[in-house]
Amino acid sequence: MRYVKLPKEKVCEFLERLKSMGTLYGPKKISEKFYDFREIGDVKEVEFEYNRTITPPRKFFFPERETVFTFDTANVEIHETLPTGNRIIIFGVHACDIVGLRIMDSRFIDDLPDPYYQIRRENGIIIGLSCLPDEYCFCSVRRTDFVDAGFDLFLHLLPDGYLVRVGTVTGHKLIENSPEYFEEISSEDKDNFAKFETKRRSMFTVQGNWDDMRYRLELHLDHPMYMRESDKCLGCGNCTLTCPTCRCYEVKDLPTLDGAGGERVRFWDSCQFRSHGLVAGGHNFRPTKKDRFLNRYQCKNAYCETTTTAYCVGCGRCTYFCPADIQFKENLLEVYGPGGGA
Amino acid sequence: MSKPDPMKTYETHKCRLLRVYGLTEYEKLFLFRFDDPEIAQSWRFMPGQFVELSLLGHGEVPISICSSARRMGFFELCIRKAGRVTSEIHKLKPGDMVRIRGPYGNGFPMDRFYDRDLLLVAAGLGMAPLRSVFLYALDNRWLFGNITIINSSKLGKELLFAKELKAMKDIATAENIEIIQTATRDPDWGGLTGRAPTHLDKVNVDPKKCTAALCGPPRMYKSMFEQMIALGYDPRYIFVNLERRMKCGVGKCGHCNIGTATSWKYTCKDGPVFDYYDIISIPGLI
Ligand SMILES: Cc1cc2nc3c(=O)[nH]c(=O)nc-3n(C[C@H](O)[C@H](O)[C@H](O)COP(=O)(O)OP(=O)(O)OC[C@H]3O[C@@H](n4cnc5c(N)ncnc54)[C@H](O)[C@@H]3O)c2cc1C
Ligand code: SF4
Ligand code: SF4
Ligand code: FES
């Protein structure tokens, strides 16, 4: 891998450079407590030390709601509304969220690729950013706290700038086209990078790895945790809507008033909604709140072959944004039993 | 392998409804033809696969293809009036156009059925996908040994394709095909009664060299499995066609998900056909 240094005083200029290439998004503080990825107008608004954004980066490639085609009812014709292919740059993506995007890719760019997602993704540039965990993070045990792939550049914090890992040809070009912002790394930078990593690793509240979590869960499908916790659940769907790897969507036709045309839209759905498993005749494949709750715990702990990790990357959003204060990490540890790494 | 074309994933084709046949009070059989002659020539499917049928402005529904894979350019769908979209489909008249995408799903692995006896067991709407398997076997009769089809429903008048099967009876006997039609809860029904598993003694297939394809409610699978294993059917050759809520049909929208953390599946893409060993290793499949 190629490594370069981005000195602190060059960061804003580099962000300006990125902004000139397309639409730049990055983490911003949007309220007392919360951060979110937003379009960057003034590069000074970029928040470098944020814990987690409300919406996950998948929204840039798989938006909350989109029209897939418009239609002409009389002629039974459709007109696909494909993305425009504008360049988008997402700055400041944490390691777990980058693995999250690779998990999205494994499902949306498979042998039956989703054109809407794929076109946007091919036009996206991902700039990763190192972080220090808080008590909600458990990317450590998910093996997603340090990424090998899925970014064009990855910035690791140094006392006086960033050590930059170059992940793709697009990344190399970014460096080559702006040589004035970058330097060679020094041995001091290498030491500082190692120090940061050691500190980062020591801060996790869970250690080890949870690769066997899925078996533990499956052996205890009747664990009392599910009933107790799902009882508190409001079924609001925050946990899935904020999750970087949740992908469920619903589809609807919206005809125009005269019925002559209309559009077919798709929008994020949640397995925590009662309607998710409801079919004609009123039968529901997941009729109770507990069924739906259990479903999410199984789905998120399933194995993604592409990343060799669980579908859950341990970002902590589902707990951080849960209005009922349901603790995903703690609940999983409870079912795991002793030895879970806490 | 060349990269798959993303524009094919959700590609829909215009189809003309040619004919509608009433089957029962709630089910009709629809015969469609692709509008584009090139598509009509090239479109292929395997028994057990399904299409997504769009009525623009109303929505889209997954429906099993129930016709013979041999009839190029045409296909049949047996559709129950179950809700919003299917009620609109029932109002269609010959000449009307719809849009179709697919075929989707794995379908039955027909090559693994060759040179073996064939047992088909359908309950209710389960007859739709199994009719496609049955017609496939008839069209390729030399590839199969003895064949038995068990068609069951609650009431006699609800039996799907009952007349078609009855009309085949004479020729079927000459071709070593056993047709069993049974109504499970119908005091006025003159024919066989009792659930499908109770008729396993009337089949003309040899369990040791038979492939079985089942489609019906989960309850039926459980009792069929028990009896079939006891009678010596080979578990590797027992297949079921499952139903879940489906939207996309291509493993994206997540509605058809099943399984637990060690075996997470999308019914639309990993299925809808599963074998016996899938069923016993994936909790909640049936
Ligand atoms: C693989 C597969 C094969 C099928 N084959 C047939 C068939 O051959 N003949 C037939 O009559 N029916 C079949 N069905 C069931 C059929 O898809 C539903 O009856 C139909 O979707 C109901 O839609 P609706 O709008 O009329 O009902 P509503 O209750 O108004 O449903 C609204 C939406 O919910 C979804 N939905 C509702 N019920 C079902 C269901 N049972 N399965 C999946 N999605 C559902 C659909 O997306 C539908 O648009 C099949 C389902 C699947 C999954
Ligand atoms: S965020 Fe919390 S309350 Fe809302 S659906 Fe998820 S677990 Fe339930
Ligand atoms: S399940 Fe929760 S912790 Fe895991 S990736 Fe999703 S939001 Fe993050
Ligand atoms: S129907 Fe969308 S994932 Fe299976």
Side-chain angles (χ1 to χ4, degrees), chain A residues 68-69 71-73 75-78 80 82 107-119 213-218 221 246-256 259-262 264 266 269 271 276-281 283-285 294-295 297-303 310-311, chain B residues 1 3-12 14-16 35 52 54-62 80-87 96-99 104 217 243-269 281-284:
Chain A
V68 290
F69 58 69
F71 55 79
D72 163 355
T73 322
N75 298 310
V76 197
E77 289 301 338
I78 64 167
E80 260 154 307
L82 289 166
R107 286 304 190 166
F108 274 63
I109 311 181
D110 56 358
D111 54 330
L112 292 167
D114 185 276
Y116 309 93
Y117 181 89
Q118 186 171 338
I119 292 171
M213 178 61 85
R214 63 185 63 87
Y215 299 93
R216 300 286 183 127
L217 291 181
E218 197 175 54
L221 290 173
C246 274
R247 310 168 295 285
C248 285
Y249 68 77
E250 180 59 275
V251 186
K252 256 197 174 59
D253 280 12
L254 304 176
T256 50
R264 179 164 294 171
R266 69 174 184 187
D269 197 0
C271 63
H276 193 273
L278 191 65
V279 295
H283 176 71
N284 199 323
F285 285 102
L294 182 109
N295 181 69
Y297 277 56
Q298 302 300 317
C299 179
K300 294 284 97 173
N301 285 285
Y303 179 74
Y311 280 90
Chain B
M1 212 179 78
K3 268 193 171 176
D5 178 1
M7 296 317 296
K8 295 268 180 231
T9 305
Y10 301 108
E11 188 180 40
T12 63
K14 217 166 160 177
C15 289
R16 185 180 298 276
D35 206 34
E52 288 278 354
S54 267
L55 269 191
L56 299 177
H58 296 285
E60 202 177 35
V61 288
R80 171 180 293 174
K81 192 168 155 180
R84 229 170 30 81
V85 181
T86 49
S87 299
D96 287 346
M97 299 284 216
V98 300
R99 293 198 81 95
Y104 295 127
E243 200 186 307
R244 278 300 183 276
R245 173 131 192 259
M246 288 188 193
K247 275 285 167 185
C248 69
V250 291
K252 304 285 177 285
C253 77
H255 284 93
C256 66
N257 66 7
I258 44 173
T260 51
T262 70
S263 47
W264 195 251
K265 306 270 182 220
Y266 286 144
T267 316
C268 66
K269 196 159 176 273
S281 45
I282 308 177

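In what follows, every chain begins at residue 1, and chains take the letters A, B, ... in the order their sequences are listed. Keep in mind that this is a model prediction, so the values were computed, not measured.
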Quick check: does any side chain N or O of [X] sit under 3.5 Å from a backbone N or O of [Y], one acting as donor and the other as acceptor?
X        : Y        : result
B:Thr262 : A:Tyr215 : no
B:His255 : A:Tyr249 : yes
B:Arg99  : A:Val76  : yes

Legend entry - Note: B:Lys247-A:Asp269 ion pair, threshold 4.0 Å (strictly below): no
Legend entry - Basic-acidic side-chain contact under 4.0 Å: A:Glu250, B:Arg245: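 Counted as a salt bridge, because a side-chain N and a carboxylate O are separated by less than 4.0 Å.
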Against chain A, label [X] side chain, backbone, both or neither, depending on which of its atoms sit under 4.5 Å from a heavy atom there.
X        : result
B:Lys252 : both
B:Thr12  : side chain
B:Leu55  : backbone
B:Arg80  : neither
B:Lys8   : neither
B:Val98  : backbone

Side chain, backbone, both or neither of [X] within contact of chain B (heavy atoms, under 4.5 Å):
X        : value
A:Leu82  : side chain
A:Phe69  : side chain
A:Tyr303 : backbone
A:Tyr311 : neither
A:Ile78  : both

Between [atom1] of [X] and [atom2] of [Y], what distance do you get to the nearest 0.5 Å?
X        : Y        : atom1 : atom2 : value
A:Leu217 : B:Thr260 : CG    : OG1   : 9.0 Å
B:Tyr10  : A:Arg264 : OH    : CZ    : 11.5 Å
B:Ser263 : A:Arg214 : OG    : CZ    : 11.0 Å
B:Thr9   : A:Tyr117 : OG1   : OH    : 14.0 Å
A:Asn75  : B:Lys14  : CG    : NZ    : 6.0 Å
A:Gln298 : B:Asn257 : CD    : CG    : 11.0 Å

Legend entry - Pairs of heavy atoms under 4.5 Å with chain A: top-ranked of B:Met97, B:Arg244, B:His58, B:Met246: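 The option with the most such pairs is B:Arg244.
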Closest approach of [X] and [Y], non-hydrogen atoms and distance?
X        : Y        : answer
B:Trp264 : A:Ala302 : CB-CB, 3.5 Å
B:Pro4   : A:Asp111 : CB-O, 3.4 Å
A:Asp253 : B:Gly59  : OD2-N, 3.2 Å
A:Cys248 : B:Gly254 : SG-CA, 3.6 Å

Legend entry - Any residue meeting side chain to side chain donor-acceptor pair (under 3.5 Å) with B:Ser281, in chain and number order, not counting sequence neighbours: none
Legend entry - A:Glu80: side chain to side chain donor-acceptor pair (under 3.5 Å) partners, not counting sequence neighbours: none
Inset, instruction - Under 4.5 Å, counting heavy-atom pairs only, tell me which of A:Asp110, A:Val279, A:Val68, A:Thr73 racks up the most with chain B. - result: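 Between A:Asp110, A:Val279, A:Val68, A:Thr73, the count favours A:Asp110.
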Legend entry - Which of A:Pro255, A:Cys246, A:Cys271, A:Pro115 touches chain B most, by non-hydrogen pairs under 4.5 Å: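 Most heavy-atom pairs under 4.5 Å with chain B: A:Pro115.
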Legend entry - Side chain proximity check, A:Val251 to B:Cys253, heavy atoms < 4.5 angstrom: no
